[in-house]
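Nothing fancy with the numbering, it's 1 onward along the sequence. For clarity, every value in this text was computed on a predicted model and none was experimentally measured.
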Amino acid sequence: QVQLVESGGGLVQAGGSLRLSCAASGRTFSRDVVGWFRQAPGKEREFVAGITWRTGTTYYTDSVKGRFTISRDSAKSTIYLQMNSLKPEDTAVYYCAASILPIIYTSRSRYNYWGQGTQVTVSF
């Protein structure tokens with residue numbers, strides 16, 4: 001049974017920072033991809049960033065480039081999303097997701113396992 005457990009969400013003022021964590025267990029992710037998605041109220045769940053476990057290759061959606069950084073700690077089986085210069089429009093529930101495919105896809109349909117989500121709220 002695969003488990004992805006997110007943590008690190010919270011309330012922060014615009015311009016502030018948060019670091020999200022996603023602890024993975026239950027399978028060997030050495031060839032997989034882990035991504036972060038987010039869903040704001042009334043909106044579709046959207047891709048934010050992804051990383052390959054094996055090579056550390058990353059990919060970001062345009063709206064977070066230069067502000068967010070995704071990274072991995074293989075020894076801890078944990079993925080991080082460092083979020084800087086946060087904006088009110090970053091407010092959403094953030095989800096960690098894992099794909100058994102070796103390529104970073106932005107479509108949620110390509111991801112097989114999901115965490116429960118963590119709320120990020122950015123105030124004005």
Taking the side chain as every heavy atom from C-beta outward, state whether [X] and [Y] have any atom pair closer than 4.5 Å.
X: Leu86; Y: Phe68; result: yes
X: Tyr94; Y: Met83; result: yes
X: Phe47; Y: Tyr60; result: no
X: Trp53; Y: Val34; result: yes
X: Tyr59; Y: Ile70; result: no

Results of side-chain hydrogen bond (donor to acceptor under 3.5 Å, both in side chains) for [X] - residues two or more places apart only:
X: Thr91; result: none
X: Thr57; result: Thr55
X: Lys65; result: Asp62
X: Ser74; result: none

Item to complete: Using the salt bridge (Lys or Arg N to Asp or Glu O under 4.0 Å) rule, collect all pairs that involve residues 72-84, keeping only residues at least two apart or in two chains.
Response: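 Every pair satisfying salt bridge (Lys or Arg N to Asp or Glu O under 4.0 Å) with a residue in residues 72-84: there are none.
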
Worksheet item: If you look only at pairs with a residue in residues 36-52, which of them pass as a salt bridge (Lys or Arg N to Asp or Glu O under 4.0 Å), with sequence neighbours excluded?
Response: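 Salt bridge (Lys or Arg N to Asp or Glu O under 4.0 Å) check on residues 36-52 returns Arg38-Glu46, Arg38-Asp90.
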
Item to complete: With sequence neighbours excluded, tell me which residues meet ring-ring contact (aromatic ring centres under 6.0 Å, His included) with Tyr95.
Response: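 By the ring-ring contact (aromatic ring centres under 6.0 Å, His included) rule, Tyr95 matches no residue at all.
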
Discussion item. Which residues pass the ring-ring contact (aromatic ring centres under 6.0 Å, His included) test with Tyr111, not counting sequence neighbours?
Written reply: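 ring-ring contact (aromatic ring centres under 6.0 Å, His included) check on Tyr111 returns Phe37.
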
Discussion item. Return the OG to CD distance between Ser63 and Glu89, rounded to the nearest 0.5 Å.
Written reply: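 Between atom OG of Ser63 and atom CD of Glu89 there are 8.5 Å.
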
Discussion item. Distance check, rounded to the nearest 0.5 Å: Ile51 atom CD1 versus Thr69 atom OG1?
Written reply: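 It comes to 10.0 Å.
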
Item to complete: Using the test side chain to side chain contact (heavy atoms under 4.5 Å, CB included), find all partners of Arg110 that sit at least two apart in sequence or belong to another chain.
Response: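 In terms of side chain to side chain contact (heavy atoms under 4.5 Å, CB included), with neighbours along the sequence ignored, Arg110 is linked to Leu101, Tyr105, Ser107.
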
Worksheet item: Among all residues two or more places apart in sequence or in another chain, which pass the side chain to side chain contact (heavy atoms under 4.5 Å, CB included) test with Ser85?
Response: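 Arg67.
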
Search all heavy atoms of [X] against all heavy atoms of [Y] and return the closest pair with its distance.
X: Ser21; Y: Thr78; result: CB-CG2, 4.3 Å
X: Leu20; Y: Thr118; result: CD2-CG2, 4.0 Å
X: Val64; Y: Val48; result: CG2-O, 3.7 Å

Worksheet item: What pairs with Arg108 under salt bridge (charged side-chain N to carboxylate O under 4.0 Å, His left out), at least two apart in sequence or on another chain?
Response: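 Arg108 satisfies salt bridge (charged side-chain N to carboxylate O under 4.0 Å, His left out) with no other residue.
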
Worksheet item: Are Trp36 and Ile79 close enough, and set up right, to give a side chain to side chain contact (heavy atoms under 4.5 Å, CB included), and what steps lead you there?
Response: CA-CA 9 Å; Trp36 285 98; Ile79 297 288; 3.5 Å; yes

Discussion item. Pair Val33, Ile103 - check side chain to side chain contact (heavy atoms under 4.5 Å, CB included), show working.
Written reply: CA-CA 7 Å; Val33 164; Ile103 299 172; 5.7 Å; no

Using residues 4-19 as the side-chain source, report each donor-acceptor pair under 3.5 Å to any protein atom, sequence neighbours left out, with the distance given to one decimal.
residue: Glu6; atom: OE1; partner: Gln116; partner atom: N; Å: 3.0
residue: Glu6; atom: OE1; partner: Gln116; partner atom: NE2; Å: 3.4
residue: Glu6; atom: OE1; partner: Gly117; partner atom: N; Å: 3.0
residue: Glu6; atom: OE2; partner: Cys96; partner atom: N; Å: 2.8
residue: Glu6; atom: OE2; partner: Gly117; partner atom: N; Å: 3.2
residue: Ser17; atom: OG; partner: Asn84; partner atom: OD1; Å: 2.9

